[in-house]
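Let me begin by presenting the structure, written as structure tokens, before commenting on it.
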2 protein chains.
Amino acid sequence: MVLGKGQPNGTAQGDLGLFELPDRLGGQIGFVLNKVARQLHAMFTESLEPLGIKPQHYAVLVLLDASSPLSQQAIGQRLYIDRTTMVHIVDDLEKRGLAVRAKNTADRRKHAVSITEPARKVVAEAGRMADSVQEQYLAPLSQNERRQLLQLLKRLLRP
Amino acid sequence: MVLGKGQPNGTAQGDLGLFELPDRLGGQIGFVLNKVARQLHAMFTESLEPLGIKPQHYAVLVLLDASSPLSQQAIGQRLYIDRTTMVHIVDDLEKRGLAVRAKNTADRRKHAVSITEPARKVVAEAGRMADSVQEQYLAPLSQNERRQLLQLLKRLLRP
DNA sequence: TATTGTTATACTCTATAACTATA
DNA sequence: TATAGTTATAGAGTATAACAATA
């Protein structure tokens, strides 16, 4: 997708350069936020392909890597993932041998989902992919600006 | 979805509070970006329901309000929307009487898509919705921080 | 009664491929 | 040959509703 740089905004009012956004839209954080999130997500998804996982799997694995076992509900609550979606994700991880389900003996409604040993290397590798993609996508920003951006976003995130 | 505030992170390492993210994930801008974008998008979608349009329709209408007519391709390029997706969006707008397709006589491959007069009021109203949702969602940030956030995001957006 | 996990289903958003018509 | 628009189709990601097992 070669889009060039658009015309500098020397055009008459109401006559936008080919790739310019009206102020009304460019001023909306929502619009820009959405596009940026999609672009980064697409890049990360692509970078994970060789590992046979997707961003959601990565997120769950990071969590399990930090503390296994967890119930599916517990994982979902932390990652803002619905429990029905969690079923599919854990299904995928089990098929790929990256996680295992056991019964929680204390509360037999719950599963005790754990990361497998081979998966530890996969998470590590995926983490490097994540870093590399971010490094690439965030290149326009200084280290300090990246920290600022992250802090601002974190303050917006709702439970 | 009542998630509470999570435990303060006074727990032993490896033992995360119920709603805490491991540093590895919380430190990834991608993860937080994605969730924030989805939350805002969901709120905006809901607020637009009474108007019978969705965020993509709003974006196209804003563009057409600023400069009509435009070809579908031209709209899509500015809004990062695929041309096949544009077909559906313009279909929807025509059904709702918010836009009309005419043939571009200079280049008869192209459509000349224009906003309709009644639609001008809809865009204006939708714009107020957008402002209100943003005001609500961005409440944790000062005016200055909102500007910062927008500027940082805009610098990331790729063509 | 409430919670955990499951299943089936469906919706949103988007993109790919193949086509028509115009240039 | 390339571009604009269309169509059919499919995929990813997510959610809703109904259910079983367990608390």
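Every chain is numbered from 1 and lettered A, B, ... according to where its sequence line falls, protein lines coming before strand lines.
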**Request:** Would you mind listing every side-chain hydrogen bond (donor to acceptor under 3.5 Å, both in side chains) that reaches into residues 43-56 of chain A, with sequence neighbours excluded?
**Result:** none

**Asked** To the nearest 10 degrees, how far apart in direction are the end axes of the helix from C:dT1-D:dA23 to C:dA23-D:dT1, each fit to five base pairs?
**Response** 0°

**Request:** Decide if the gap between the ring center of A:Phe44 and the ring center of A:Tyr137 is smaller than 6.0 angstrom.
**Result:** no

Expressed in angstrom and rounded to an integer, what is the separation of [X] atom [atom1] from [N] atom [atom2]?
X       : N      : atom1 : atom2 : value
B:Ile81 : D:dG5  : CD1   : P     : 13 Å
B:His88 : D:dA10 : NE2   : C1'   : 12 Å
B:Met86 : D:dA4  : CE    : C1'   : 12 Å
B:Asp92 : C:dT12 : CG    : C1'   : 12 Å

**Item:** Non-neighbouring partners of B:Arg38 that pass salt bridge (Lys or Arg N to Asp or Glu O under 4.0 Å), sequence neighbours left out
**Value:** none

**Listed partners of B:Asp82 passing salt bridge (Lys or Arg N to Asp or Glu O under 4.0 Å), at least two apart** = none

**Prompt:** Looking at residues 96-116 of chain A, who's got a heavy atom less than 4.0 Å off DNA chain C?
**Reply:** A:Arg101, A:Arg109, A:Lys110, A:His111

**Request:** Could you check which residues of residues 34-56 of chain A get a heavy atom under 4.0 Å from DNA chain D? Sort them by number, please.
**Result:** A:His41, A:Lys54, A:Gln56

**Item:** Phosphate OP1/OP2 of D:dA4 contacted by B:Gln73 side-chain N/O (<4.0 Å)
**Value:** yes

**Item:** Check ion pair A:Arg96-A:Asp91 (N to O, under 4.0 angstrom)
**Value:**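 No, A:Arg96 and A:Asp91 are not salt-bridged.
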
**Under-4.0 Å salt bridge between B:Glu135 and B:Arg128** =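 Not counted as a salt bridge, because no side-chain N and carboxylate O are separated by less than 4.0 Å.
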
**Request:** Select one nucleotide: of D:dA15, C:dT14, C:dA18, the one nearest the side-chain heavy atoms of B:Arg83.
**Result:** C:dA18

**Message:** Quiz question: going by heavy-atom distance under 3.5 Å, is there a donor-acceptor pair between the base of D:dT16 and the side chain of A:Thr84?
**Reply:** yes

